[in-house]
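Convention: sequence-line order gives letters A, B, ...; per-chain numbering from 1.
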Amino acid sequence: MRWSKTLIPTMREVPSDAEIPSHQLMLRAGLVRQLMAGAYTYLPLGWKSIRKVEAIVREEMNRAGAVELFMPALHPIDLYERTGRKAAFGNVLINFQVQRGDRKVHLALGPTHEEVITDLIARHLNSWRQLPLCLYQIQTKFRNEERPRFGVLRTSEFIMKDAYSFSASLEQLDAVYQQMYHAYCRIFSRCGLNYLAVEAESGPIGGDASHEFMVPANNGEDSVVRSTGGAYAANLERAETGRQPPPIQTSPHATALQQVATPNATSIEQVSRLLKCSPSQMLKTLIYLADSKPVAVLLRGDHVANEAKIRRALGAGTVELADEKTIRAVTGAPTGFAGPVGIQCPIIADHDVPAVVNAVTGANAADMHLTGVNVGRDYALATTSDLRMAVAGDPSPRGDGTLEVVHGIEVGHVFKLGTKYSVALNAEFLDEKEQRHPMIMGCYGIGVNRIVASLAETSFDENGLIWPLSIAPYEVVVIPLNVADPQVMSLAERFYAELQQAGVDVLLDDRDARPGFKFKDSDLIGFPLRLVIGGKGLQEGLAEVKWRTASEPEKVPIDAAVAAVLDRLTARRAEEARRVPE
RNA sequence: CGGGGUGUGGCUCAGCUUGGCUAGAGCGCUUGGUUCGGGACCAAGAGGUCGCAGGUUCAAAUCCUGUCACCCCGACCA
């Protein structure tokens with residue numbers, strides 16, 4: 001492509017609407033333009049990158065045995081009513097009615113395609129002999145984001161690769177899941193992303209049933225923990241801590257139990273300020289309803305409850321914070337003054353609770369707290385559990401060092417769905433014994449444009465973007481320093497043609513602009529390799545080859561220039577390929 | 001949906017508090033010339049109903065009311 005024949009609107013100044021690096025750089029480099037909040041146009045350069053990512057995704061999905069198809073973005077609303085997801089999605093589901101003759105048709109723009117594909121499979125597949133099957137598509141999804149943000153990272157319309165597997169057994173599901181997991185690792189590696197596969201909430205099937213692929217980035221919306229040894233990574237909701245149950249015994253330093261007045265001080269923060277103690281010296285007492293029965297959950301004052309852990313520890317189906325009435329019934333006080341001493345319901349406690357000596361807690365009386373509260377003497381615990389969100393510094397559950405918390409951008413998610421949709425939409429098969437079963441499903445998503453955005457978010461320097469060869473908008477830019485010089489230009493044209501013939505994705509900067517201007521643009525966009533022709537070099541019979549990240553160009557003889565470029569590309573491609581797991 | 005902020009040529013912004021004359025600057029764009037290895041210089045130009053609507057006033061970018069859009073923080077995110 002010739003620069004003069006395409007559209008690459010670069011900007012020197014930073015648009016005032018863009019705050020995070022990927023947004024600023026993608027705008028400045030001419031990759032995207034905003035149409036409205038949450039909807040972006042991919043300009044020719046941005047689209048080229050997207051297409052390259054798509055090609056990698058297709059190769060790897062096909063390699064893993066998935067088959068591509070293409071489903072509509074327009075869905076009939078009743079599919080979502082049948083699975084209960086019209087209500088579950090709520091406002092996120094973009095839906096509307098259109099007039100067709102004398103009737104109205106209620107449609108939705110697909111936020112994902114579980115319903116559509118399950119309905120399809122329900123109609124066309126019914127024998128165990130046809131399973132397992134894994135289908136995928138690359139398609140635009142629509143979700144009405146309450147608050148679109150972070151440029152192209154969180155939009156109401158986005159490109160997603162979504163795959164769905166249908167299996168006759170859990171073993172079959174496990175096998176497909178592993179194949180997809182592995183394909184994802186290859187995809188993200190090939191795209192040059194630094195990523196983390198983290199354990200995520202497992203949902204209906206339980207166990208090791210869900211992983212998110214996260215790109216660590218300061219502006220990532222999700223928090224994930226990872227162990228310093230690298231053996232453990234999980235999202236924050238899921239993350240276990242490697243803490244051991246402490247001994248439960250009254251400290252020899254226990255002081256007298258005292259009741260103190262704390263009028264209107266109901267929060268940890270208010271009480272700690274009033275009594276001049278740190279939150280970690282306090283015990284937080286949360287009253288939950290576990291399957292409708294009240295339970296007091298004790299945490300150290302500075303910790304945050306993890307409801308999934310609480311639910312699991314109690315073996316409960318549902319867990320929710322109790323209402324005011326329940327709280328009065330078990331504590332005898334309004335919300336904000338609950339404590340373990342004398343409370344009228346069962347108590348469970350986090351591992352860190354017994355270690356708080358002379359704790360400050362609610363007194364189970366209005367406007368009153370207790371100080372000098374100690375386990376064993378003032379309240380009893382049989383055991384402790386892991387009930388809170390992990391924090392930095394917790395021991396790794398794998399025993400390899402401690403946990404750290406990092407932000408991440410979710411670029412992929414693999415998930416064992418189970419039979420939720422196959423049951424709701426009658427996707428059943430007949431086994432060898434003529435028994436009818438719902439198919440066991442898995443779903444596997446990749447945010448295609450998030451791959452490009454997270455690369456931009458994490459790979460740049462003060463001059464602009466830095467791409468891997470694999471998904472750079474162009475691999476090579478050829479820059480003639482002076483387009484008015486026939487000798488320079490004819491050489492540039494020759495290189496351009498020869499590189500194209502060699503299969504290189506090359507852009508010829510044929511603009512009549514000053515060299516510095518072209519160099520700045522080239523660095524901003526971040527073409528991996530630059531070939532410069534003209535000036536003093538040309539008089540000496542030399543051209544210049546420079547990697548985007550190199551500080552100085554290499555001079556090569558004119559006649560060897562194309563070969564030099566090809567050699568470097570070959571070497572770099574091999575280097576990138578080496579980072580991809582087999 | 002709660003809180004905060006911003007809307008002035010394509011981009012970045014000044015002007016608004018304290019109403020007043022023809023609405024400015026830099027960058028970009030057009031034309032001509034000089035230049036030509038890291039976002040050149042000179043000259044001449046084009047381009048703005050100051051987000052929109054209403055109101056106050058002799059007079060509104062500026063004050064008031066409403067409205068729309070965008071950005072940020074939070075809530076939400078199969």
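Taking the ring centroids of A/Phe213 and A/Tyr181, they lie under the 6.0 Å cut-off.
Within 4.0 Å of A/Asp17, counting heavy atoms only, lie sugar-phosphate atoms of the nucleic acid but no base atom. Within the 4.0 angstrom heavy-atom criterion, no nucleotide atom of any strand lies near A/Gly90.
Within the structure, every side-chain polar atom (N or O) of A/Ser16 is placed at least 4.0 Å from both OP1 and OP2 of B/rU6. Between B/rA69 and A/Gln34, no contact under 4.0 Å exists linking OP1 or OP2 to a side-chain N or O. Under 4.0 angstrom from either OP1 or OP2 of B/rA40 there lies at least one side-chain N or O belonging to A/Arg514.
Annotation: salt bridge (charged side-chain N to carboxylate O under 4.0 Å, His left out) contacts involving residues 473-490 of chain A, sequence neighbours excluded, comprise A/Glu475-A/Arg573. Under the salt bridge (charged side-chain N to carboxylate O under 4.0 Å, His left out) criterion, the residue pairs touching residues 549-561 of chain A are A/Arg494-A/Asp559, A/Glu544-A/Lys555, A/Glu554-A/Arg568, with sequence neighbours excluded.
As rounded to whole Å, 13 Å separates atom P of B/rG28 from atom CZ of A/Arg511. Between the P atom of B/rG38 and the CD atom of A/Glu544 lies a distance of 11 Å, rounded to the nearest Å.
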Name the atoms and distances for all side-chain donor-acceptor pairs under 3.5 Å in residues 70-78 of chain A, with sequence neighbours left out.
from, atom 1, to, atom 2, distance (Å)
A/His75, ND1, A/Tyr80, OH, 2.8
A/His75, NE2, A/Pro72, O, 2.9
A/His75, NE2, A/His113, NE2, 3.1

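The stretch residues 518-531 of chain A touches RNA chain B through A/Phe519, A/Lys520, A/Asp521, A/Asp523, A/Leu524, A/Arg530, each having a heavy atom within less than 4.0 Å of the strand.
In summary, A/Arg548 and A/Asp461 engage in a salt bridge, as defined by a charged side-chain N under 4.0 Å from a carboxylate O. Between A/Glu114 and A/Arg85, at least one side-chain nitrogen of the basic residue sits less than 4.0 Å from a carboxylate oxygen of the acidic one, meeting the salt-bridge criterion.
A/His413 contributes atom NE2, which lies 12.5 Å from atom CD1 of A/Ile446 (distance to the nearest 0.5 angstrom).
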query: Hey, mind stepping through A/Thr458 and A/Asn194 against side chain to side chain contact (heavy atoms under 4.5 Å, CB included) and telling me if it holds?
result: CA-CA 9 Å; A/Thr458 55; A/Asn194 174 26; over 6 Å; no
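For A/Glu19, there are no side-chain hydrogen bond (donor to acceptor under 3.5 Å, both in side chains) partners, not counting sequence neighbours.
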- request: For nucleotides 73-78 of chain B, just jot down a letter per nucleotide in 5' to 3' order: B, S or -, based on protein non-hydrogen atoms under 4.0 Å.
  value: BBBBBB
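Along RNA chain B, the nucleotide nearest to A/Ala484 and the one nearest to A/Pro15 differ in position, and the one closer to the 5' end is contacted by A/Pro15.
Of the candidates B/rG26, B/rC13, B/rG39, the closest approach to any side-chain atom of A/Glu13 belongs to B/rG26.
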